[in-house]
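Reviewing the structure listed below.
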Protein chains: 2
Amino acid sequence: MAPTPAPENSALYRELAMRLRHAISDGTYPPGSRLPSEHELAQSFGMARSTVRRALTILGEDGLIASHQGARRTVLAEPRLQSFGELRSFSRWARSIGEVPGGRVDLLERRGASAVQARELGLAPGDPLVYLVRVRMLTGVPVMIERTAYVERAGLRLSFIDLEHESISDRLEEHGIVFAHAEHTIDAVNASADDARLLEIEPGRAILRERRRATDPQGRPLEWSEDRYVGDGVAFTIRNSLAMSPLTRGRAVSTTGNPP
Amino acid sequence: MAPTPAPENSALYRELAMRLRHAISDGTYPPGSRLPSEHELAQSFGMARSTVRRALTILGEDGLIASHQGARRTVLAEPRLQSFGELRSFSRWARSIGEVPGGRVDLLERRGASAVQARELGLAPGDPLVYLVRVRMLTGVPVMIERTAYVERAGLRLSFIDLEHESISDRLEEHGIVFAHAEHTIDAVNASADDARLLEIEPGRAILRERRRATDPQGRPLEWSEDRYVGDGVAFTIRNSLAMSPLTRGRAVSTTGNPP
DNA sequence: CAGTGGTCTAGACCACGGC
DNA sequence: CCGTGGTCTAGACCACTGA
């Protein structure tokens with residue numbers, strides 16, 4: 001019995017989920033093997049079965065294990081750590097893969113909301129917002145153009161941030177602005193002349209476009225962004241299962257949302 | 001109290017989740033409004049609080065509601081129905097949006113696994129598999145090229161299916177072959193001459209590429225597919241939240257996986 | 001402060017798996 | 001057949017919200 005190392009942040013089921021995740025990474029339960037039964041886990045960790053189940057549910061949602069009535073759970077894959085924060089924040093993501101995040105501000109201004117921006121942020125057209133265009137780099141190589149509209153509440157803090165080197169997400173969270181939900185729409189477009197110049201590629205090259213609306217924990221919109229990635233530099237990965245599929249395929253109706 | 005309409009397929013919490021979903025769609029709880037408390041729901045539906053919570057958890061995972069300790073849950077968005085089956089199966093998806101799915105078989109043969117296919121399907125290079133190339137259409141308009149490698153167990157059934165009109169997924173499930181987990185990788189590439197010919201577009205146009213590995217409930221690989229969508233015809237959407245993010249951003253290392 | 005969601009327990013019954 | 005996971009209940013305590 002290892003002495004509980006970090007009783008710091010809480011929740012028994014999170015603790016157990018974390019331990020099991022580690023146990024899968026470090027080869028205790030390699031892919032293809034079977035996990036101990038719920039009863040055994042409950043016994044050895046001294047918690048109720050329902051608490052164990054809750055931990056196991058998390059691993060299932062991450063696509064790490066499969067379960068079938070009557071048989072023990074099977075390990076499917078090794079965990080890929082990537083938190084919500086790493087997904088929303090380019091800086092955090094870059095650091096997590098061992099790259100140095102960089103950014104060059106192309107434009108930062110207070111302006112009136114366009115029709116699309118107003119709709120996505122729940123504002124009226126013309127309402128003030130903060131618009132930021134940045135070229136993002138991995139260790140010096142440009143890989144993405146980010147065009148983001150922030151609601152004023154969040155955007156006005158940007159003036160105090162070193163946009164070329166600091167993480168906007170980190171600094172905004174220090175000011176109590178927390179990104180909690182996001183909806184991403186992903187499609188492909190050809191690089192415009194503008195895109196090509198900023199990303200240092202030939203016009204027409206395939207671009208992976210991500211449009212993203214992020215809200216605070218109460219569901220109030222905080223930002224609406226259109227990010228354009230160099231097509232062969234970055235990919236998105238989704239795991240899903242019968243019981244749960246956050247990924248949706250839809251028709252690309254609006255080719256709107258282009259930067260004004 | 002509406003008389004329980006369909007007691008057919010079971011699970012109280014699913015039932016309740018479905019009802020709440022409908023209640024959100026039909027305006028009973030519009031976005032921005034607050035849901036009844038867990039206690040009230042438990043009371044009025046005659047179930048335990050934990051069962052109610054389980055139903056609410058599902059809506060939360062779908063990004064429909066937000067919750068915070070101490071306050072009632074907030075409705076964030078209207079549901080977009082799309083099941084796992086609709087995501088994996090082009091036919092089901094097409095029908096769900098009111099289009100007529102179509103397909104033209106370009107190639108169907110038994111062949112040996114390439115290095116990539118072998119790795120993704122857990123086979124040895126050269127092991128037999130079934131390879132299928134189809135152009136998929138929505139009401140006559142080609143929108144996607146599908147290049148799929150099936151493990152023999154699944155692929156051999158294909159001979160008995162009318163590939164131009166029937167749904168492979170539907171027919172395979174009738175034979176007890178169930179797709180339960182999938183991992184999708186999405187990036188952007190330029191259309192090759194081949195792509196352009198099959199999709200009736202100009203070469204070089206941006207293509208949304210989805211590479212997908214699907215497994216059965218036990219985690220055994222069933223298919224590995226590379227699908228290429230016309231860039232401006234289709235988009236993928238993901239919702240995620242702080243607690244749960246199945247979407248991952250990664251570097252596109254392997255530009256492998258091209259059709260042999 | 002009362003109400004609400006977040007966590008956890010202890011136990012029950014069932015359907016299915018595999019020996 | 002027993003062990004397993006899937007579902008459900010009844011109740012407990014706590015941390016936080018909001019009037």
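Basis for what follows: all heavy atoms, side chains included, without hydrogens, waters or symmetry-related copies. Chain letters run A, B, ... following the sequence lines, proteins first, then strands; residues in each count from 1.
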R34(A) atom CZ is separated from dG3(D) atom P, nearest whole Å, by 17 Å
Can we say E120(A) and R211(A) salt-bridge, meaning some charged N sits less than 4.0 Å from an Asp/Glu carboxylate O?
no
On DNA chain D, compare the nucleotides closest to A48(B) and L35(A); which residue's is nearer the 5' end?
L35(A)
Ionic contact status for E152(A) with R157(A), cut-off 4.0 Å
no
On DNA chain C, compare the nucleotides closest to G70(A) and R54(A); which residue's is nearer the 5' end?
R54(A)
Heavy-atom nearest nucleotide on DNA chain C taken for H68(A) and for E40(B); more 5' hit belongs to E40(B)
Base, sugar-phosphate alone, or nothing: which one does L56(B) contact when heavy atoms must sit under 4.0 Å apart?
nothing
Send over the distance from R49(A) CZ to dG3(D) P, rounded to a whole Å.
14 Å
Ion pair present between R21(B) and D26(B), side-chain N to carboxylate O less than 4.0 angstrom?
no
Separation of F179(B) CZ from D216(B) CG (nearest 0.5 Å)
9.5 Å
Is R73(A) touching bases, backbone alone, or none of the nucleic acid, heavy atoms closer than 4.0 Å?
sugar-phosphate
Check ion pair R212(A)-D227(A) (N to O, under 4.0 angstrom):
yes
Grab the CZ-C1' distance between R72(A) and dC2(D) for me, whole Å please.
13 Å
With the threshold set at 4.0 Å, does a side-chain nitrogen-carboxylate oxygen contact exist between R53(A) and E38(A)?
yes
First and last nucleotide of DNA chain C touching chain A, 5' to 3', heavy-atom cut-off 4.0 Å?
dT7(C) to dG17(C)
When rounded to whole Å, the CD to P distance for the pair Q43(A) and dG3(D) reads 13 Å
